[in-house]
Amino acid sequence: MSPQVIAVYPGSFDPVTNGHLDLIGRGAMIYDRLIVAVTHNTEKDPLFPLHERIEMLEAVTMDWKNVEVQEFDGLLVDYAHSKRARVILRGIRAVSDYEYELQMAMMNRKLAPQIETVFMLPAEAYSYVSSRLVKEIARHGGPIKDLVPALVEERLRAKVL
Ligand code: PNS
């Protein structure tokens, strides 16, 4: 029997968007186990504390039996290694994402050559969705219904009121 292929899908998820969910769905179809890994350390001064980001992710990924949500601290490759993950999954929306993603993937390869970064494309409808823009729209009272799950919309509205 071939071994299970475990993938880690890391990010800040502040908050999870429909674009993230689209990617999780794609990852869950391909990998035996997909660990959505939420970083402690974000330089971006998160709107949602770690436990809320995790709580929302757990709620919206509940139906995927091979998906789990965990927190991680420190180097991503160390975390991936500790979970026996062979793959780091990242989404690329547009060319503008590529430079940053390439740099991270190459650095992670330098640190841990046995772990492969795999890029996936979200559905076209989510190619312009980002947590940053969703937060900005919510702050100004704009519509975010098609961009995030209903639970996240509620939490965001409550947070920015
Ligand atoms: O969704 P984000 O915020 O773009 O995710 C970035 C993340 C969490 C994947 C990245 O910052 C990361 O891997 N952080 C952990 C620390 C680390 O390993 N840094 C070196 C990356 S080359």
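Both counts, for ligands and for their atoms, begin at 1 and track the order of listing.
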Query raised in the report: Between Arg90 and Met120, does a side-chain contact (heavy atoms from CB on, under 4.5 Å) hold up when you go through it step by step?
Result: CA-CA 6 Å; Arg90 291 287 286 176; Met120 284 187 188; over 6 Å; no
Query raised in the report: For ligand 1, is there an atom lying under 4.0 Å from some heavy atom of Phe13?
Result: no
Report summary line: So CD1 of Ile54 and CD of Glu71: to nearest 0.5 Å the spacing works out to 4.5 Å
Report task. Decide, yes or no, whether a salt bridge links Glu55 with Arg155 under the criterion of side-chain N to carboxylate O below 4.0 Å. Result -> yes
Query raised in the report: Contact between Ala105 and ligand 1, counting heavy atoms under 4.0 Å?
Result: no
Query raised in the report: Any N or O of Thr39 that comes nearer than 3.5 Å to an N or O of ligand 1?
Result: no
**Report entry** For Phe72, the ligand 1 atoms whose distance to one of its heavy atoms is below 4.0 Å
**Finding:** 15 (C)
Query raised in the report: Would you call Arg132 and Asp14 a salt bridge, taking side-chain N to carboxylate O under 4.0 Å as the test?
Result: no
Requested in this report: Count the heavy atoms of every other residue, nucleotide or ligand shown that sit under 6.0 Å from CE of Met107, and state whether that count exceeds 12.
Outcome: no
Report summary line: Out of Asp97, Leu75, Leu111, the nearest non-hydrogen contact to atom 19 (N) of ligand 1 is supplied by Leu75
Report summary line: For Tyr100, the ligand 1 atoms with a heavy-atom partner under 4.0 Å come out as 4 (O), 6 (C)
Report task. State plainly whether the residues Arg33 and Glu68 are in salt-bridge range, i.e. N to O under 4.0 Å. Result -> yes
Query raised in the report: Contact between Tyr79 and ligand 1, counting heavy atoms under 4.0 Å?
Result: no
Report summary line: Of Leu76, Ile88, Asn108, the residue with the heavy atom nearest atom 21 (C) of ligand 1 is Asn108
**Report entry** For Gly74, the ligand 1 atoms whose distance to one of its heavy atoms is below 4.0 Å
**Finding:** 15 (C), 16 (C)
Query raised in the report: For the residue pair His20 and Phe13, is the inter-centroid distance of their aromatic rings smaller than 6.0 Å?
Result: yes
Query raised in the report: Does some side-chain heavy atom of Leu147 sit less than 4.5 Å from a side-chain heavy atom of Ile137?
Result: yes
Requested in this report: Would you mind running through ligand 1 and noting each atom that sits below 4.0 Å from a heavy atom of Met107?
Outcome: 22 (S)
Query - Close approach of Gln103 to ligand 1, heavy atoms, under 4.0 angstrom - result: no
